[in-house]
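Atoms considered below: every heavy atom in the structure, side chains included; atoms not considered: hydrogens, waters and symmetry mates. The chain is numbered in sequence order, starting from 1.
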Amino acid sequence: MDPARALIRTTLNPTARIAPGLAGRAAFELFRHPLRRSRVRPAEQEVHRRAAREPLTVGGSQVVGYRWGSGERPVLLLHGWRSRASRFAPFVPRLQALGLSVLAFDAPGHGDSGGRATSVLEYRELALRLQERYGPFEAVVAHSLGVCAAFGALGDGLRAGRLAAVSGVSEVGFFPSAFCAGLGLDGTVERALRQRIEQDLFGGDAGVWERYDAAARAAAIGLPVLVLHDEGDEVVPIGQAHRLERAYGDRLDLVVTRGLGHRRIVREPAVVDQVIGFISAGLGVTAA
């Protein structure tokens with residue numbers, strides 16, 4: 001463990017035993033803020049420049065929305081934590097070649113958007129706002145945190161024909177557990193952090209853990225799902241994909257990759273091919 005993480009662990013664990021509320025607030029501030037913003041990579045710049053920008057607002061933050069195409073027959077792209085919409089650049093021309101429009105946004109605290117942090121509730125609100133503007137989606141393509149947000153939104157009013165979930169988190173409870181495990185924080189800190197998340201992000205709603213558990217809400221989400229996950233994902237273990245596979249049964253196809261990790265998988269040509277083929281099948285056409 002690096003010195004900064006060691007300092008966090010040796011400070012918060014003892015504090016939680018004496019003042020759990022204080023430890024929970026400190027852990028929450030560390031938990032909710034991305035450490036850095038991702039920049040547009042050179043390979044993404046051409047696609048990124050071609051997007052029409054559409055301003056959105058959520059939670060007092062100015063959000064940059066992106067649209068490729070007229071907005072008809074839309075597909076929604078949802079990026080992950082410490083990521084941005086431009087990571088989906090390989091998908092955009094392929095989707096447009098199918099006659100689809102592509103919609104995306106940089107979540108608050110990410111990419112070119114304002115704010116310092118975001119939540120699955122803000123993803124949901126932004127997705128539903130785009131749906132109001134452009135109608136239901138032909139498909140949703142999501143990565144990591146975006147997968148958790150997509151499932152939650154689909155169970156709460158978002159309409160789409162198909163969902164492609166890459167390196168996805170299946171339950172919102174994964175985030176505080178993984179955060180605390182990564183820093184060596186004990187169960188007392190995790191409980192305090194969960195209470196703070198309930199209070200500050202979800203208005204005191206203790207039921208949010210079940211509502212944003214895609215496996216628990218499988219009966220409410222009836223669309224076909226494609227899950228792609230690397231067996232060696234160092235950020236989101238493949239067990240998250242297996243939870244979805246068990247819950248959705250024959251409505252879900254799981255593709256397990258090797259050697260692509262958590263981030264490279266999004267731009268891997270074979271993975272892009274799989275997702276485009278999956279969406280094409282829902283449209284009744286053959287992808288180029």
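Across all their heavy atoms, Gln240 and Gly168 have their closest contact at CB-O, 3.6 Å. Contact detail for Glu44 and Ser86: the closest heavy-atom pair is OE1-OG, 2.7 Å. Minimum heavy-atom separation, Gly161 to Leu223: O-CB, 3.7 Å. Nearest approach of Asp230 to Gly259, heavy atoms of both residues: OD1-N, 3.1 Å. Between Pro108 and Ala117, the shortest heavy-atom contact is CB-O, 3.3 Å. Between Gly111 and Arg37, the closest heavy-atom pair is O-NH1, 3.0 Å.
Side-chain atoms of Ser170 and Arg243 form a donor-acceptor pair, as typed in the model, at a separation below 3.5 Å. Inspection of the Ser144 and His262 side chains reveals an N or O donor paired with an N or O acceptor under 3.5 Å.
Within the 3.5 Å criterion, the main-chain N or O of Leu226 finds no donor-acceptor partner in the side chain of Asp253. With Arg194 contributing its side chain and Ser177 its backbone, the two residues share no donor-acceptor pair below 3.5 Å. Proximity of a side-chain donor or acceptor of Arg196 to a complementary backbone N or O of Gly24 within less than 3.5 Å is not detected. Ser101 contributes a side-chain N or O that, together with a main-chain N or O of Gly71, makes up a donor-acceptor pair within less than 3.5 Å. No donor-acceptor pair closer than 3.5 Å links the side chain of Gln195 to the backbone N or O of Ala192. Remark: the backbone N or O of Val64 is not paired with any side-chain donor or acceptor of Asp106 at under 3.5 angstrom. Distance alone, capped at 3.5 Å, places no donor-acceptor pair between the Ser113 side chain and the Gly109 backbone. In terms of modelled atom types and a separation under 3.5 Å, the side chain of Ser38 and the main chain of Arg82 share a donor-acceptor contact. Side-chain N or O atoms of Glu231 include none that pairs as donor or acceptor with a backbone N or O of Pro237 at under 3.5 Å.
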inquiry  = Would Trp81 and Val235 count as a side chain to side chain contact (heavy atoms under 4.5 Å, CB included) here? Give the steps.
reply    = CA-CA 11 Å; Trp81 184 252; Val235 177; over 6 Å; no
- Would you check, one step at a time, whether the test side chain to side chain contact (heavy atoms under 4.5 Å, CB included) holds for Val141 with Leu76? CA-CA 6 Å; Val141 182; Leu76 177 64; over 6 Å; no
Salt bridge (Lys or Arg N to Asp or Glu O under 4.0 Å) assessment of Glu245 paired with Arg251: CA-CA 9 Å; Glu245 185 180 33; Arg251 287 184 287 140; over 6 Å; no
Q.
Go through it in stages, so that I can follow the logic: the residues are Leu185 and Leu12, the test is side chain to side chain contact (heavy atoms under 4.5 Å, CB included), and I'd like the CA-CA distance, side-chain angles, deciding distance and then a yes or no.
A. CA-CA 7 Å; Leu185 301 177; Leu12 290 187; 4.0 Å; yes
Query raised in the report: Between Arg124 and Asp156, is a side chain to side chain contact (heavy atoms under 4.5 Å, CB included) present by the stated rule, with each step listed?
Result: CA-CA 8 Å; Arg124 169 192 172 277; Asp156 201 16; 2.7 Å; yes
* To do: Show your working on salt bridge (Lys or Arg N to Asp or Glu O under 4.0 Å) between Asp205 and Arg211 and close with a plain yes or no.
  => CA-CA 10 Å; Asp205 180 8; Arg211 193 162 59 256; 2.4 Å; yes
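Contacts of Phe179 classified as ring pair (Phe, Tyr, Trp, His ring centres under 6.0 Å), with partners at least two apart in sequence or in another chain: Phe31. Residues satisfying the salt bridge (charged side-chain N to carboxylate O under 4.0 Å, His left out) test with Arg67, not counting sequence neighbours, are Glu54.
In terms of hydrophobic clustering, with Ile, Leu, Val, Met, Phe, Trp and Tyr side chains grouped at heavy-atom distances under 4.5 Å, Leu22 and Val189 are assigned to different clusters.
The number of heavy atoms from other shown groups lying within 6.0 Å of CD (Glu210) is above 12. Around the CD atom of Glu72, the shell of radius 6.0 Å holds no more than 12 heavy atoms that belong to other residues, nucleotides or ligands.
With values rounded to the nearest 0.5 angstrom, Asp273 atom CG is found 9.0 Å from Glu268 atom CD. From Leu77, atom CG reaches atom CZ of Arg87 across 13.5 Å, with rounding to the nearest 0.5 Å. Interatomic distance, Asp200 CG to Arg25 CZ, rounded to the nearest 0.5 Å: 9.5 Å. Once rounded to the nearest 0.5 Å, the distance linking CG of Leu145 with CG of Leu78 reads 9.0 Å. Here the CG atom belonging to Leu130 is positioned 5.5 Å from the CZ atom belonging to Phe137, to the nearest 0.5 angstrom. Interatomic distance, Ser61 OG to Arg116 CZ, rounded to the nearest 0.5 Å: 10.5 Å.
Side-chain contact between Ile265 and Val166: present, with at least one pair of heavy atoms (C-beta onward) separated by less than 4.5 Å. Side-chain atoms of Val172 and Ile197, non-hydrogen and from C-beta on, never get closer than 4.5 Å to each other. Leu56 places none of its side-chain heavy atoms less than 4.5 Å from the side chain of Gln62. Counting only heavy atoms from C-beta outward, the side chains of Arg49 and Val40 never approach each other to under 4.5 Å. Residues Ile276 and Leu98 form a side-chain contact, since some pair of their non-hydrogen atoms from C-beta on lies under 4.5 Å apart. Annotation: side chain of Gln96 is in contact with side chain of Trp68 (closest heavy-atom distance under 4.5 Å). Between Phe91 and Val102 there is no side-chain heavy-atom pair separated by less than 4.5 Å. Counting heavy atoms from C-beta on, the side chains of Ile238 and Asp233 never come closer than 4.5 Å.
Using cut-offs of 30° and 60° for the angle between ring planes, the His110 and His79 rings count as tilted.
For Glu125 and Arg129, the salt-bridge test passes: some basic side-chain N is under 4.0 Å from an acidic carboxylate O. A salt bridge links Asp112 with Arg53: the distance from a Lys NZ or Arg NE/NH1/NH2 to an Asp or Glu carboxylate oxygen falls below 4.0 Å.
A distance of 6.0 Å or more separates the ring centres of Phe174 and Tyr212.
Sorted by first and then second residue, the ring pair (Phe, Tyr, Trp, His ring centres under 6.0 Å) pairs with a member in residues 41-66 read His48-Tyr66; sequence neighbours excluded.
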